[in-house]
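Report on the following structure.
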Amino acid sequence: MKFTTHKKKTYRIQEIDLSFHSQYLDFAYKKLSLSTNSIGKDIRQIKKICFDARDIGLNVNTQALTSKFVAPSEKAILPPNIKL
């Protein structure tokens, strides 16, 4: 993951908290220039890993399981010739 390379740090599941969330969002927007929906996908995957880890009995930082650990999103604008 580019974020861990940039930070020169490997994160343990217990270290995934709101500070990590904020730092990742800042990095993804400013350094990687990712779209809001791409960043949201990453956050959803990280959050799912945290929930799965908790479900198998691992010690997880509860901040990662809260609604404050939000995955950003925006409505996609489709070209007029594409119908869903």
Side-chain angles (χ1 to χ4, degrees):
M1 178 184 229
K2 292 179 182 180
F3 179 67
T4 56
T5 303
H6 171 74
K7 288 291 194 176
K8 298 178 182 161
K9 176 176 174 51
T10 300
Y11 288 86
R12 296 171 151 237
I13 196 79
Q14 303 93 336
E15 297 174 308
I16 307 300
D17 58 10
L18 293 175
S19 176
F20 169 91
H21 180 268
S22 176
Q23 291 174 34
Y24 180 77
L25 291 178
D26 187 59
F27 173 77
Y29 279 119
K30 292 180 181 174
K31 300 284 185 190
L32 298 180
S33 300
L34 293 178
S35 72
T36 299
N37 289 336
S38 291
I39 295 168
K41 180 181 176 187
D42 290 347
I43 295 295
R44 283 189 299 279
Q45 288 176 337
I46 292 166
K47 196 165 184 170
K48 178 164 180 5
I49 290 167
C50 290
F51 273 106
D52 289 348
R54 182 205 58 187
D55 291 347
I56 63 168
L58 297 178
N59 186 19
V60 176
N61 190 311
T62 57
Q63 290 181 4
L65 308 177
T66 68
S67 61
K68 291 180 182 176
F69 202 93
V70 66
S73 67
E74 62 186 8
K75 195 168 203 127
I77 299 172
L78 298 174
N81 60 338
I82 296 178
K83 304 219 188 256
L84 293 178

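Atoms considered below: every heavy atom in the structure, side chains included; atoms not considered: hydrogens, waters and symmetry mates.
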For the pair T66 (side chain) and Q63 (backbone), establish whether a donor and an acceptor sit closer than 3.5 Å, ignoring hydrogens and angles.
-> yes
Between F20 and F3, how do the two ring planes meet: parallel, tilted or perpendicular, split at 30° and 60°?
-> perpendicular
Test: K9 cationic atom under 6.0 Å from Y11 six-membered ring centre, within 45° of axis = yes
Might you point out which heavy atoms bring R44 and A71 nearest each other, and give the distance in Å?
-> CG-CB, 3.6 Å
Output, in order, the C-alpha distance, side-chain angles, deciding distance and verdict of side-chain contact (heavy atoms from CB on, under 4.5 Å) for I43 and L25.
-> CA-CA 9 Å; I43 295 295; L25 291 178; 4.2 Å; yes
Work out which heavy atom in C50 is nearest to a heavy atom in A64; give both atom names and the distance.
-> SG-CB, 3.8 Å
How about K41: does its NZ atom have over 12 heavy atoms from other parts shown lying under 6.0 Å from it?
-> no
Heavy atoms only: give me the nearest E15-T10 pair and the separation to one decimal.
-> OE1-O, 3.8 Å
Mind checking the CD-CG spacing from Q14 to L58? Nearest 0.5 Å is all I need.
-> 7.5 Å
Within one Ile-Leu-Val-Met-Phe-Trp-Tyr cluster: I46 and L65, side-chain cutoff 4.5 Å | no
Can any side-chain N or O of H21 pair as donor or acceptor with the backbone N or O of V70 at less than 3.5 Å?
-> yes
Kindly work out whether a path of hydrophobic side-chain contacts (I/L/V/M/F/W/Y, heavy atoms less than 4.5 Å apart) joins F69 to V60.
-> no
Does Q23 reach the side chain of K7, with side-chain heavy atoms less than 4.5 Å apart?
-> yes
